[in-house]
Structures are given as C-alpha cells and as structure tokens.
Amino acid sequence: MRIYLPATTTVLRRLVDEGRLAGPHTAFAVTARLRGYYALSDAAADVEELEYAALLAGARASLRLIDVDPGAARRRVVLAADVPDTTVTEVDDADTDPGAVRVTGDVALADVASAHVDGADAEDDVRAAVGVVLEADLGSDEAQFVVDQAEGHELAWYATQEIGPALDLL
C-alpha cells in the first residue's frame, strides 16, 4: 500500500543515515474512509486525486511534527512509501483525518518512492503556520488563514537517490 508519511528534515536525515524509520507510524493513504469523504464532494475523484489528498494530509501533519522538533528546518516533509498491506490499519475515528492509517512496521529507505519537501521560499510561511496549526485544527479562522499560506506552497518532489543531496543543501 502506498502511504504518505509526515516527517521533518530531522526524520529525513535519520532515514538517510540509518536506512529505516522504526515503526509504528501514523501516516495517510487512500482508505475506504477517504474515498467515502470525497464521494460526498467529488464522486469523480480518481486514485491520483485521492493520493494527492493523502499527501496534503501528510503535509498538514508535518506542520504538527515540526512544532515539536525545534532542530528541524521549517519545511514540511512527506515521504511516499510502499509498505506491505498487512502492516497498515485504517484509523476509524471521526476525529481524525479520513485517510489516517497506522503502520506497524518499519519504513525502510528502500520502501520510499519519493520525498516531498518545501522549498526555501516556504520557510517563513511554514514557521508562522507551525505556531498556529493546533489553533487551526480547533477551528480558528485566523489560524487557518496562516496555515493556508503555508499550504499554498507546492512541495518539491525528490527521488530516493536525491534525498541525501537535497538535505545537504538545507
């Protein structure tokens, strides 16, 4: 199953250095609940659009991780990885994002298909969003506006072999 694992640049460095991230993990994927959520608003949503929605949920979760990782660059990070279906369980909780999953196994660098990382131009907006993302989660319109500014930046795509060199440039 393709998962979208939220991360930080610190986590990304650990993945490159150690070759794996020990589980369990909370990630995002195209789940039955995500399909149902988008069926209400866009019955024609295809798998690619649903995967993009899972990626964006991972990017939002990355903001929360950056908030508790003071050493991380103020850039959202999401890893797209292919893991065995048997290690993934859909989170069935109305208070979580519709594509949330629990991954019980490790995620190895070899499992990663790509990394998605903000560019330098997003750092100021991400820094501001990190400070208010929890308020946005709780319904603050002002905080959501700040988070929307960060989420307006497209994540850059990196192939697995490009992750180490990209980190060296940060």
Side-chain angles (χ1 to χ4, degrees), residues 1-9 11-12 15 21 25-67 72-85 87-103 107-130 132-134 136-137 139 143-163 166-167:
M1 173 179 273
R2 172 65 54 98
I3 62 164
Y4 296 90
L5 181 64
T8 66
T9 55
V11 171
L12 198 54
L15 174 64
L21 298 172
H25 303 281
T26 299
F28 300 88
V30 177
T31 62
R33 195 162 155 243
L34 184 70
R35 288 178 192 277
Y37 179 82
Y38 280 96
L40 295 175
S41 62
D42 184 4
D46 65 12
V47 172
E48 189 173 302
E49 290 170 314
L50 294 170
E51 286 179 341
Y52 188 66
L55 171 73
L56 293 179
R60 168 71 70 106
S62 177
L63 289 173
R64 297 180 196 109
L65 294 175
I66 294 167
D67 187 36
R74 302 294 128 182
R75 298 185 190 198
R76 297 169 300 157
V77 177
V78 180
L79 299 169
D82 297 310
V83 298
D85 291 353
T87 67
V88 180
T89 305
E90 185 172 350
V91 176
D92 188 17
D93 181 344
D95 294 329
T96 63
D97 289 309
V101 296
R102 289 294 290 164
V103 181
V107 174
L109 183 57
D111 300 330
V112 174
S114 58
H116 304 264
V117 183
D118 272 318
D121 62 322
E123 285 185 347
D124 289 340
D125 289 334
V126 169
R127 184 176 293 104
V130 163
V132 298
V133 67
L134 295 179
D137 290 344
Q144 185 60 51
F145 179 79
V146 174
V147 171
D148 287 346
Q149 296 299 110
E151 291 179 339
H153 293 274
E154 287 293 323
L155 298 168
W157 180 92
Y158 294 93
T160 306
Q161 65 272 20
E162 297 173 314
I163 295 172
L167 280 170

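The CD atom of E123 sits 8.5 Å away from atom CG of D118, with the distance rounded to the nearest 0.5 Å. Separation of atoms CD (E162) and CH2 (W157) is listed at 6.0 Å; rounding is to 0.5 Å. From D111, atom CG reaches atom OG1 of T160 across 9.5 Å, with rounding to the nearest 0.5 Å. Atom CE of M1 and atom OG1 of T87 lie 9.0 Å apart (nearest 0.5 Å). Atoms CG and CZ, on L55 and R76 in that order, are 8.5 Å from each other to the nearest 0.5 Å. The distance from the OH atom of Y37 to the CG atom of L50 is 12.0 Å, given to the nearest 0.5 Å.
Checked against side chain to side chain donor-acceptor pair (under 3.5 Å), T9 has no partners two or more places apart in sequence or in another chain. With sequence neighbours excluded, no residue satisfies side-chain contact (heavy atoms from CB on, under 4.5 Å) with T89. In this view, A120 and R75 satisfy the side-chain contact (heavy atoms from CB on, under 4.5 Å) rule, not counting sequence neighbours. Under the side-chain contact (heavy atoms from CB on, under 4.5 Å) criterion, A166 pairs with Y158, not counting sequence neighbours. Legend: residues meeting side-chain contact (heavy atoms from CB on, under 4.5 Å) with T26, ordered by chain and number and at least two apart, are R102. The salt bridge (charged side-chain N to carboxylate O under 4.0 Å, His left out) search around D82 returns R2, not counting sequence neighbours. Under the side chain to side chain donor-acceptor pair (under 3.5 Å) criterion, H25 pairs with no residue, sequence neighbours left out.
Looking at R74, its side chain never comes within 3.5 Å of a backbone N or O of A122 through a donor-acceptor pair. In terms of modelled atom types and a separation under 3.5 Å, the side chain of S62 and the main chain of A7 share a donor-acceptor contact.
You'll find the side chain of L79 reaches within 4.5 Å of the side chain of L12, heavy atoms only. With a 4.5 Å cut-off on side-chain heavy atoms, V107 and L5 count as touching. When side chains are defined from C-beta on, I66 counts as touching V126, because their heavy atoms get closer than 4.5 Å. Side-chain contact between V77 and T8 is absent, with no heavy atoms from C-beta onward closer than 4.5 Å. Contact of the L65 side chain with the V11 side chain is not registered, since no non-hydrogen atoms from C-beta on lie closer than 4.5 Å.
Shown here for I3 and V103, the closest heavy-atom pair between the two residues is CD1-CG2, 3.9 Å. The two residues A27 and P6 have their closest heavy-atom pair at CA-CD, 4.0 Å. In terms of heavy-atom proximity, F28 sits nearest to V101 at N-CG2, 4.0 Å.
Counting only residues at least two apart or on different chains, no salt bridge (Lys or Arg N to Asp or Glu O under 4.0 Å) pair has a member in residues 87-96.
A 6.0 Å sphere centred on CD of Q161 holds more than 12 heavy atoms belonging to other residues, nucleotides or ligands.
With salt bridges taken as basic N to acidic carboxylate O contacts below 4.0 Å, one links R127 and D124.
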Side-chain donor/acceptor pairs under 3.5 Å, residues 145-154, sequence neighbours excluded:
{"from": "D148", "atom 1": "OD1", "to": "Q144", "atom 2": "NE2", "distance (Å)": "2.6"}
{"from": "E151", "atom 1": "OE1", "to": "R60", "atom 2": "NH2", "distance (Å)": "3.4"}
{"from": "E151", "atom 1": "OE2", "to": "R60", "atom 2": "NE", "distance (Å)": "2.6"}
{"from": "E151", "atom 1": "OE2", "to": "R60", "atom 2": "NH2", "distance (Å)": "3.4"}
{"from": "H153", "atom 1": "NE2", "to": "D125", "atom 2": "OD2", "distance (Å)": "2.6"}
{"from": "E154", "atom 1": "OE1", "to": "Y52", "atom 2": "OH", "distance (Å)": "3.4"}
{"from": "E154", "atom 1": "OE2", "to": "Y52", "atom 2": "OH", "distance (Å)": "3.3"}

